[in-house]
S.K.: 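Can you keep this structure in mind? I'll have questions shortly.
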There are 2 protein chains.
Amino acid sequence: MPENFAHNLKDLKLKATPKRLAILSLLAEELSYASPEEVWRKLRRNFASIGLPTVYRNLEDLANGGLITKVIHPNRQLYYYFCPNSHHHHHFICLSCRKVEDINFCGMEEIEKKVDGTVLSHIVQVNGLCRDCAESHGGTP
Amino acid sequence: MPENFAHNLKDLKLKATPKRLAILSLLAEELSYASPEEVWRKLRRNFASIGLPTVYRNLEDLANGGLITKVIHPNRQLYYYFCPNSHHHHHFICLSCRKVEDINFCGMEEIEKKVDGTVLSHIVQVNGLCRDCAESHGGTP
DNA sequence: ATTGTAAATAGAAATGATTTCTTTTTAGAA
DNA sequence: TTCTAAAAAGAAATCATTTCTATTTACAAT
Ligand SMILES: [Mn+2]
Ligand SMILES: [Mn+2]
Ligand SMILES: [Zn+2]
Ligand SMILES: [Zn+2]
């Protein structure tokens, strides 16, 4: 299953610009979530000029297109990560090292039936410390 | 079950100040979530001087103490609501009229067992349009 | 009741992550 | 190659939220 980000972008009617492709492969290499500024700093290694607003805009567009996912972080800053899994699932995020672990469970089917209204989206996210971080700094993020 | 907010606050080692009590009863009267500024505007009816930072601080303290709950909103602004239900549950929030509906389901017990780490918190929230809003403005928040 | 003290608050000011704006460049279709 | 809408740079603005300091207050201990 070779990842063809250019094709993915075309499906979303987004142009396959070098910067978009770089953002995607950059995030795909990481197993953790990243902030726009961190992505920007890494991109600057390969692009002489790249604006932070471009990174913000692209991360948002890619998330809206479903290619990457947003993290809901207690500190209220934006974070994004790339998850190669295509089926619907959710995540356990480490608040310390930012590692992301799949959670292959979603009770939303049952929930949606009970709701008296139209469901537009749902959030399921588990926050904590991964095993490594829990062992090293015993409890506090 | 008469709500004794003063007692609740003392349990949290928070002083039962008139403003805190006013925030709690104000939110308890509403069936929808409110922004700090909205809470502030209402408080100003009864308090000659009340600072917006006080409202922000108290809403955060009350949420940390578990007396009120935060909404995770797509627009990334802060919102809070009061839920009288004491058992663990989650919510369906209307993005249009801000009404909140209980969801008496949480698959977290099963999830926590599978996670390779220490769970500190979890988010389950369903966003959409309540029946009334879905009928009136057919689909868009 | 009075006092002492940590907690709470007002008000003003700062903050800084995110967004907006305008001009220039580019991807990709024709 | 040409054309055009989309994308991007760079600078600037935004504004919800936080920080800071002086003052006031809740309430526990006299
Ligand atoms: Mn995943
Ligand atoms: Mn509830
Ligand atoms: Zn970790
Ligand atoms: Zn509604």
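Lettering of chains follows the sequences in order, A, B, ..., and the numbering in each one begins at 1.
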S.K.: Between B:K19 and D:dA26, is there a contact of a side-chain N or O with OP1 or OP2 at under 4.0 Å?
M.R.: no

S.K.: From CG of B:L62 over to P of C:dT9, roughly how many Å is that when rounded to an integer?
M.R.: 10 Å

S.K.: If you assign each of A:R76 and A:S49 to its closest nucleotide in DNA chain D, which residue comes earlier from the 5' end?
M.R.: A:S49

S.K.: State yes or no: are the ring centers of B:H91 and B:Y33 separated by less than 6.0 Å?
M.R.: no

S.K.: Check every strand shown and say whether B:K13 touches a base, only sugar-phosphate, or nothing at a heavy-atom separation below 4.0 Å.
M.R.: nothing

S.K.: Between C:dT20, D:dT17, C:dA27, which one does the side chain of A:P53 approach most closely?
M.R.: C:dT20

S.K.: What integer distance in Å separates A:W40:CH2 from C:dA17:P?
M.R.: 11 Å

S.K.: With the side chain of A:R20 defined as its heavy atoms from C-beta on, choose the nearest nucleotide among D:dA8, C:dT18, D:dT17.
M.R.: D:dA8

S.K.: With a 4.0 Å cut-off on N to O distance, would you call B:R41 and B:E37 a salt bridge?
M.R.: yes

S.K.: How long is the line joining CD of B:Q77 and C1' of C:dT19, in whole Å?
M.R.: 13 Å

S.K.: Between atom CG in A:L21 and atom P in C:dA27, what is the gap in whole Å?
M.R.: 10 Å

S.K.: Just call it for A:R57: base, sugar-phosphate, or nothing, with non-hydrogen atoms closer than 4.0 Å on any strand.
M.R.: base

S.K.: At less than 4.0 Å, is any side-chain N or O atom of A:T54 found next to OP1 or OP2 of D:dA7? Yes or no.
M.R.: no

S.K.: Using atom CG of A:L43 as one end and atom P of D:dA7 as the other, report the distance to the nearest whole Å.
M.R.: 16 Å

S.K.: Could you tell me whether the phosphate oxygens of D:dA8, OP1 or OP2, come under 4.0 Å of any side-chain nitrogen or oxygen in A:N58?
M.R.: yes

S.K.: CG of B:L31 to CD of B:E101: how many Å apart, nearest 0.5 Å?
M.R.: 11.0 Å

S.K.: Distance check needed: D:dA7 C1' versus A:L9 CG, whole Å only.
M.R.: 12 Å

S.K.: For D:dA6 and A:T17 - does any side-chain N or O of the residue sit under 4.0 Å from the phosphate oxygens OP1/OP2?
M.R.: no

S.K.: Below the 4.0 Å mark, does D:dA16 have OP1 or OP2 next to a side-chain nitrogen or oxygen of B:N75?
M.R.: no

S.K.: Is the distance from the ring center of B:H88 to that of B:H122 below 6.0 Å?
M.R.: yes

S.K.: Tell me: CG of B:L14 to C1' of C:dT9, nearest whole Å?
M.R.: 14 Å

S.K.: Do A:E29 and A:K42 meet the salt-bridge criterion of a basic N to acidic O distance under 4.0 Å?
M.R.: no

S.K.: Using heavy atoms to find the nearest nucleotide of DNA chain D for B:P18 and B:Y56 separately, return the residue whose nucleotide is more 5′.
M.R.: B:Y56

S.K.: Take B:I50 and A:K15, find for each the nucleotide of DNA chain C with the closest heavy atom, and name the residue whose nucleotide sits nearer the 5' end.
M.R.: B:I50

S.K.: Rounded to whole angstroms, how far apart are NZ on A:K10 and P on D:dA6?
M.R.: 16 Å

